[in-house]
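Got a structure here, written out as structure tokens. Questions coming.
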Amino acid sequence: MNFTYATKVDVLLKAQKAIGIPFKYLDKSGRLGRHRNKGGIGQVVEEGHFGYSPNSDAEPDFKAAGVELKVTPYRRNFDGSISAKERLVLNIIDYMTEYESTFEESGFWKKNKSILMMLYEYSVNKAKGDFSISHAFLYEYPLKDLVIIKNDWERIVSKVRAGLADELSEGDTLYLGACTKGTNATSLRTQPFSDKMAKQRAYSLKQSYMTGILRRYIFGNNCDERIIHDVKDLRNASFEELISSRLRPYFGRTRSSLLDEFKINGKSKDASERIIARILGVTGKLSQTEEFRMANILPKTIRLSQNGAPEESMSFKAFKFIELLCQHWEDSDLKELFESTKFMFIVFRIIEDGEQVFEGITFWNMPQSDISEVEKVWLKTVEIIREGVRLRLADNRVYNNFPKSSDNRIAHVRPHARDREDVDELPDGTMTKQCFWLNRTYVMEILKEAGLIRNPKGLYK
DNA sequence: GCATGATCATGC
DNA sequence: GCATGATCATGC
């Protein structure tokens, strides 16, 4: 514990003195050289700059000042914009006690009410010791975020109360996540209302939320539209409930009438997303609003055929074959996608030729158990790329041996390109760009559970 | 009707 | 011009 700094300003002033000093000059005990020492840079700053030993107390690092210290990286993108490099991992969630308290008395709030953020720019072609702090500032949650964070905390704790700590997932919540934390993925803890062991998890400010903070306060270029204008709306309803209730009056409306009403080009592939945005009072795209960006919510449009089943499987960004070979599942983009993304499914149902009606929406994130199932598809895909994809030409099509939708309950691999000539490098040649798809039947399961498929014929006679 | 390869339309 | 989200098209 550290009592040297009595006030927040004391801490801040000291922190600002670290700006510009390469970490190698702060590293008094050779921490940066140590292999796989993830907290390395943070510890170097605590020890070498502030002069106290790293600890894992329940109290904030600077107890008297009531400030928690966090050193965190950001990166500059190709277009010059800034992104947080990672989520900000906070204290470990004590499943056994956290549920007993109110938000104000919670372990989360006690420790992280006020955070001294020290930022450094990360770059791949620079050694750790050459990075240095570029910004230091005190972060306290603005009210518009705090109402959401409070709801997030409630959601995490209520899952523990329901004996479901083992099913916690970062995608459950919007800004404050419950991310896995441990020496390895198998660090387990007991939980109060179930005999099942649960993965050790820590509170975290999601990467998308961190990016939002940086753009909003530091790099000053956040001009995203907001959906929620009055924080009071979030006191008695979750964000998802609020969105759903605002859209509800439009359920059952034909797509063409909505396109007319909002003057939207129906040929556009994002027309349905734009309809929803306009209903919510947003001029641009839903995915570009502050809340959607900061919570990493991905809107996806689903068309149901007349028999009530989704018409198509769901595509994602094309992956790069060589990049897949360089990743482990644990740090793969795909795992990251399904762990941290919340999806908003926007559902339209075809009622006759050329006409659809707005059926409704549902928010969803992939459960942990299903993410483990996706891992199999990912591993198989990597194996196939490594061993060499087998291509077969027939009917003027190029068939491959990537996992098919019939091979796995959840996902498969399929082309995702402009055309067949739109290729990506393989270790031994090139082939049409591919991406992971969620199976049509899996999407159907999700919608059934959400009550969005009223008349399930087809596969479910 | 389904699975899977192929391609479209838009915005940035 | 390309990445992205979405949809078309063909053979079984």
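Just so it is clear: chains get the letters A, B, ... in the order the sequence lines come, proteins before strands, and each one is counted from 1.
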Just the rounded figure in Å: distance from P of C:dT7 to NE2 of A:H416.
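Those two atoms, NE2 and P, are 12 Å apart.
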Show, in sequence, the C-alpha distance, side-chain angles and deciding distance for A:F316 and A:W437, and conclude whether the ring pair (Phe, Tyr, Trp, His ring centres under 6.0 Å) test is met.
CA-CA 6 Å; A:F316 296 91; A:W437 296 69; 8.5 Å; no
Polar side-chain contact A:K269-B:dA9 base: donor and acceptor under 3.5 Å
no
Taking any heavy-atom pair under 4.0 Å as a contact, classify A:S272: base, sugar-phosphate, or nothing.
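Since no nucleic acid heavy atom lies under 4.0 Å of A:S272, the category is nothing.
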Classify the ring geometry of A:W153 against A:F103: parallel below 30°, tilted from 30° to 60°, perpendicular beyond 60°.
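A:W153 vs A:F103 ring planes: perpendicular.
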Reading DNA chain C from 5' onward, which residue's closest nucleotide shows up sooner: A:D395 or A:W437?
A:W437
Between A:R414 and B:dG5, is there a contact of a side-chain N or O with OP1 or OP2 at under 4.0 Å?
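No.
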Can a side chain N or O of A:N265 be found less than 4.0 Å away from OP1 or OP2 on B:dT10?
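Yes, such a contact exists.
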What do the steps show when you test A:Y217 against A:F137 for ring pair (Phe, Tyr, Trp, His ring centres under 6.0 Å), and what is the final call?
CA-CA 10 Å; A:Y217 300 109; A:F137 63 102; 7.5 Å; no
Closest-nucleotide ordering on DNA chain C, the 5'-leading residue of A:S313 and A:K433:
A:K433
When we call it a touch if two heavy atoms are under 4.0 Å apart, what does A:D422 touch: a base, just sugar-phosphate, or nothing?
nothing
Nearest whole angstrom, please: distance from the P of C:dT7 to the CE of A:M314.
10 Å
note: A:L286, atom CG; B:dT10, atom P; distance rounded to Å ~ 20 Å
Which nucleotide, C:dG5, B:dA3, C:dT7, lies nearest any side-chain atom of A:R303?
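Comparing C:dG5, B:dA3, C:dT7 against the side chain of A:R303, the answer is C:dT7.
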Less than 4.0 angstrom between a side-chain N/O of A:K404 and OP1 or OP2 of B:dG5, yes or no?
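So the side chain of A:K404 is within the cut-off, an N or O lying under 4.0 Å from OP1 or OP2 of B:dG5.
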Which nucleotide in the list C:dT10, B:dG11, C:dA6 gets nearest to the side chain of A:R397?
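Nearest to the side-chain atoms of A:R397, counting from C-beta on, is C:dT10.
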Heavy atoms only, 4.0 Å cut-off, all strands: where does A:A417 land among base, sugar-phosphate and nothing?
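Base: the residue A:A417, judged by heavy atoms under 4.0 Å, touches a nucleobase.
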If you check the A:E312 side chain, which of B:dA6, C:dT7, C:dT4 turns out closest?
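The closest nucleotide is C:dT7.
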Have a look at A:H412 and say if it touches a base, only the backbone sugar-phosphate, or nothing, with a 4.0 Å heavy-atom cut-off.
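Counting heavy atoms under 4.0 Å across all strands, no contact is made by A:H412.
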Output yes when at least one side-chain N/O atom of A:S268 is less than 4.0 Å from OP1 or OP2 of B:dA9, else no.
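Indeed not, no polar side-chain atom of A:S268 lies that close.
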Whole-Å distance, A:E421 CD to B:dC8 P, equals 12 Å
A:R418 side chain: which of B:dT10, B:dA6, C:dA3 is closest?
C:dA3
side-chain N/O A:K285 vs B:dT10 OP1/OP2, d < 4.0 Å:
no
In whole angstroms, how far is the C1' atom of B:dT4 from the CG atom of A:N401?
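It works out to 14 Å between those atoms.
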Interatomic distance where CG belongs to A:N396 and C1' belongs to B:dT4 [whole Å]:
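In whole Å, B:dT4 C1' lies 15 Å from A:N396 CG.
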Would you mind classifying the nucleic acid contact of A:S315 as base, sugar-phosphate or nothing, using non-hydrogen atoms under 4.0 angstrom?
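Contact class for A:S315: base.
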Among A:F402, A:W329, A:F319, whose ring pair (Phe, Tyr, Trp, His ring centres under 6.0 Å) with A:W378 holds?
A:W329
Pick base, sugar-phosphate or nothing for A:R392, based on heavy-atom distances below 4.0 Å to the nucleic acid.
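No contact.
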Side chain to side chain contact (heavy atoms under 4.5 Å, CB included) partner of A:V347, chosen from A:L304, A:T301, A:V357, A:I453:
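Looking at A:L304, A:T301, A:V357, A:I453, the match for A:V347 under the side chain to side chain contact (heavy atoms under 4.5 Å, CB included) is A:L304.
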Just to confirm, is there a sub-4.0 Å distance from OP1 or OP2 of B:dC2 to any side-chain nitrogen or oxygen of A:R440?
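For B:dC2, OP1 or OP2 has a side-chain N or O of A:R440 closer than 4.0 Å.
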Between P on C:dA6 and CG on A:L298, what's the gap in Å once rounded to a whole number?
8 Å
Can you measure A:L393 atom CG to B:dT4 atom P for me and round it to whole angstrom units?
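Rounding to the nearest Å, CG of A:L393 and P of B:dT4 are 18 Å apart.
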Please determine whether a side-chain nitrogen of the Lys or Arg among A:R440 and A:E312 lies less than 4.0 Å from a carboxylate oxygen of the Asp or Glu.
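No salt bridge links A:R440 with A:E312.
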